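All heavy atoms count here, side chains included; hydrogens, waters and symmetry mates do not. Note that this is a predicted model, so its numbers are computed, not measured. Below, read A as the first sequence line, B as the second, and so on, with proteins coming before strands; counting in each chain starts at 1.
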2 protein chains.
Amino acid sequence: MAKNVAPDSTRRSEKSRRAIYDAALALVGEVGYPKTTIEGIAARAGVGKQTIYRWWSSKAEVLMEAFLDLGEQAGGESYAIPDTGDLAADLKAVLRATVDELKDPRFEVPSRALAAEGVVNEELGRKFVEKLLEPSLQLYVARLRSAQQAGDVRPEIDPRIALELFVSPLAQRWLQYSGPISYEYTDTLVDYALYGLAPR
Amino acid sequence: MAKNVAPDSTRRSEKSRRAIYDAALALVGEVGYPKTTIEGIAARAGVGKQTIYRWWSSKAEVLMEAFLDLGEQAGGESYAIPDTGDLAADLKAVLRATVDELKDPRFEVPSRALAAEGVVNEELGRKFVEKLLEPSLQLYVARLRSAQQAGDVRPEIDPRIALELFVSPLAQRWLQYSGPISYEYTDTLVDYALYGLAPR
DNA sequence: CCGCTGACGAGACGCACCGTCTTGTCGGCT
DNA sequence: AGCCGACAAGACGGTGCGTCTCGTCAGCGG
């Protein structure tokens with residue numbers, strides 16, 4: 001027994017860790033997620049398989065940490081949503097930027113892979129939401145709260161639910177290929193969400 | 001060459017087809033999607049592997065057809081959305097029913113598996129949307145058109161986009177575990193979508 | 001300065017499943 | 001009655017899995 005003596009993280013090789021992240025992201029980009037294998041990552045990184053199995057439990061986890069790491073070293077931290085006082089314009093601008101990001105292949109392939117894995121693996125899905133999705137959504141919460149202060153959003157509205165009216169449709173179209181994605185589309189979503197479907 | 005002489009579908013064994021559907025659904029329910037293998041399905045169905053490879057190209061496709069078949073023989077066809085004249089109430093009722101369905105394990109496991117596969121495999125994703133998702137969404141389109149006739153929804157609204165305001169948030173929470181799902185939540189979505197976030 | 005310790009690179013190992021193939025059977029058309 | 005092709009069964013080489021055994025190497029504690 002006692003096979004799983006936790007490895008000593010103070011002796012962990014930083015060089016190997018970085019090499020594994022780089023190899024994982026490169027492979028996913030080049031051959032796609034399903035054809036990316038742990039053996040392949042190890043070979044590409046010049047690392048023994050055991051080193052991967054020692055620190056991660058699945059290729060999905062490797063990819064998620066690699067992706068998180070990429071985000072950290074790139075964007076110091078997520079940007080806030082502009083607050084010009086014109087709520088509709090601010091939301092439309094951010095959603096247009098999101099549309100562009102969703103179409104950037106560097107971002108698209110690993111995100112899709114992680115999202116797909118999260119659909120079927122609840123633990124990983126929750127981690128994905130917590131680490132990647134929710135922080136971005138909280139930016140909308142903040143902007144909507146500010147709009148409530150300004151009287152542009154009714155005070156009894158729950159911002160965490162409200163943001164889903166325009167974010168989730170875009171997310172679903174992207175994830176499921178259930179419809180085309182364009183600036184016009186996201187602009188429309190903002191208008192519908194703010195002013196409702198019923199006559200005013 | 002000419003290795004792929006298309007099989008003669010008039011000589012196809014109906015018994016094997018059914019046995020394969022049953023085995024696939026049973027296995028996915030019992031051991032989960034990743035552990036469901038083509039070999040396993042063949043063995044369980046009492047069928048040669050070649051019979052599966054002859055008619056389908058992946059386990060995802062087998063499962064999708066099995067799932068479609070299940071739907072066809074169960075609900076003769078998808079039900080329409082009630083039209084009592086009270087749009088909000090009708091939508092809330094249908095979404096509540098959807099909440100229940102999403103939590104039914106018989107439905108949940110294969111749906112998740114197919115949705116996940118569709119995220120990463122565009123061709124299958126589009127088929128999934130076309131065969132399973134879009135037909136249900138069209139019911140909302142019909143109901144919203146009727147509401148436009150009745151003057152409960154503004155005439156310039158595009159129903160296909162409008163429905164996403166309340167359907168997509170639910171879908172995303174379910175798919176991505178990005179939030180809890182309840183009657184209260186879906187009721188709120190309908191209210192927000194119909195009357196908007198801005199003061200009236 | 002040396003020796004111990006544990007992560008490291010490399011890769012062998014048995015296993016499960018892949019997708020293709022071969023063989024002999026059997027049922028439906030002609 | 002004979003033919004044709006789908007069928008069940010399973011052999012086959014290939015690939016990646018996850019575990020394991022090596023020998024090496026870096027750091028730290030004595």
Side-chain angles (χ1 to χ4, degrees), chain A residues 1-24 26-28 30-63 65-66 113 116-117 120-121 123-124, chain B residues 1-24 26-28 30-66 113 117 120-121 123-124:
Chain A
M1 31 221 62
K3 190 61 69 60
N4 274 7
V5 276
D8 180 348
S9 53
T10 66
R11 304 184 69 156
R12 182 168 185 179
S13 161
E14 178 69 10
K15 205 174 83 180
S16 300
R17 200 175 59 88
R18 306 235 48 107
I20 289 167
Y21 287 165
D22 292 346
L27 279 179
V28 164
E30 287 170 21
V31 305
Y33 182 68
K35 288 189 162 166
T36 297
T37 66
I38 299 221
E39 298 213 337
I41 296 172
R44 172 92 164 228
V47 139
K49 284 164 57 175
Q50 194 61 269
T51 299
I52 298 187
Y53 285 111
R54 179 150 40 231
W55 302 108
W56 295 278
S57 60
S58 68
K59 86 174 162 175
E61 233 172 272
V62 173
L63 186 59
E65 286 198 15
E117 199 70 33
V120 128
N121 175 341
E123 189 191 327
L124 194 109
Chain B
M1 36 222 65
K3 190 59 71 60
N4 273 6
V5 275
D8 180 348
S9 54
T10 65
R11 303 183 72 150
R12 181 169 187 179
S13 161
E14 178 68 10
K15 206 174 83 178
S16 300
R17 201 175 57 89
R18 306 235 48 107
I20 288 167
Y21 287 164
D22 292 347
L27 278 179
V28 165
E30 287 170 20
V31 306
Y33 181 68
K35 287 189 163 168
T36 297
T37 66
I38 299 222
E39 298 213 339
I41 296 172
R44 171 91 164 230
V47 138
K49 284 164 54 173
Q50 191 65 312
T51 300
I52 298 187
Y53 285 110
R54 187 175 299 119
W55 301 109
W56 295 277
S57 59
S58 69
K59 85 174 163 176
E61 233 172 272
V62 174
L63 186 59
M64 184 155 95
E65 286 198 16
E117 199 71 32
V120 128
N121 174 340
E123 188 192 327
L124 195 111

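Considering only side-chain N and O atoms, S13(B) lies nowhere under 4.0 angstrom from the phosphate OP1 or OP2 of dG27(C). Between dT15(D) and T37(A), no contact under 4.0 Å exists linking OP1 or OP2 to a side-chain N or O.
Within residues 41-55 of chain B, the residues approached by DNA chain D to less than 4.0 Å at the level of any non-hydrogen atom are G46(B), V47(B), G48(B), K49(B), T51(B), R54(B), W55(B), in residue-number order.
Within a 6.0 Å sphere centred on CD of E123(A), heavy atoms belonging to other residues, nucleotides or ligands number 12 at most.
Looking only at side-chain heavy atoms (C-beta outward), E14(B) and R17(B) come within less than 4.5 Å of each other.
The nucleotide whose nearest atom lies closest to any side-chain atom of E39(B) is, among dC8(C), dG19(C), dC7(D), dG19(C).
Within the model, atoms CD1 of I41(A) and OG1 of T36(A) stand 6.5 Å from one another, a figure rounded to the nearest 0.5 Å. Residue R12(B) holds its CZ atom at 8.0 Å from OG of S9(B), rounded to the nearest 0.5 Å.
Look at CG on L27(A): it is 14 Å from C1' on dG16(D), rounded to the nearest Å. Separating the CZ atom of R11(B) from the P atom of dC29(C) is a distance of 9 Å, rounded to the nearest angstrom. Separating the CZ atom of R17(B) from the P atom of dA8(D) is a distance of 14 Å, rounded to the nearest angstrom. Between the P atom of dC26(C) and the CD atom of E14(B) lies a distance of 22 Å, rounded to the nearest Å. Whole-Å rounding puts the K15(B) NZ to dT25(C) C1' distance at 13 Å. Across the protein-nucleic acid pair, K35(A) atom NZ and dG19(C) atom P stand 11 Å apart, rounded to whole Å. Here the P atom of nucleotide dG28(C) and the CZ atom of R12(B) are 16 Å apart, to the nearest Å. Distance K59(A) NZ to dG18(D) C1': 14 Å, rounded to the nearest Å.
Results of the side chain to side chain contact (heavy atoms under 4.5 Å, CB included) test with L63(A) over Y21(A), Y33(A), W56(A) single out Y33(A) as the only residue that passes. Among K59(B), K35(B), R44(B), the single residue meeting the side chain to side chain contact (heavy atoms under 4.5 Å, CB included) criterion with L27(B) is R44(B).
Taking five base pairs at each end of the helix from dC1(C)-dG30(D) to dT30(C)-dA1(D) and finding the rotation axis that steps the C1' atoms of four pairs onto the next four gives two axes whose angle is 10°, to the nearest 10°.
Listed here is the closest heavy atom pair of V62(B) and A24(B): CG1-CB, 4.0 Å. Pairing each heavy atom of V120(A) with each of A113(B), the nearest pair is CG2-CA, 3.9 Å. Between A45(A) and A19(A) the shortest heavy-atom distance is CB-O, 3.5 Å.
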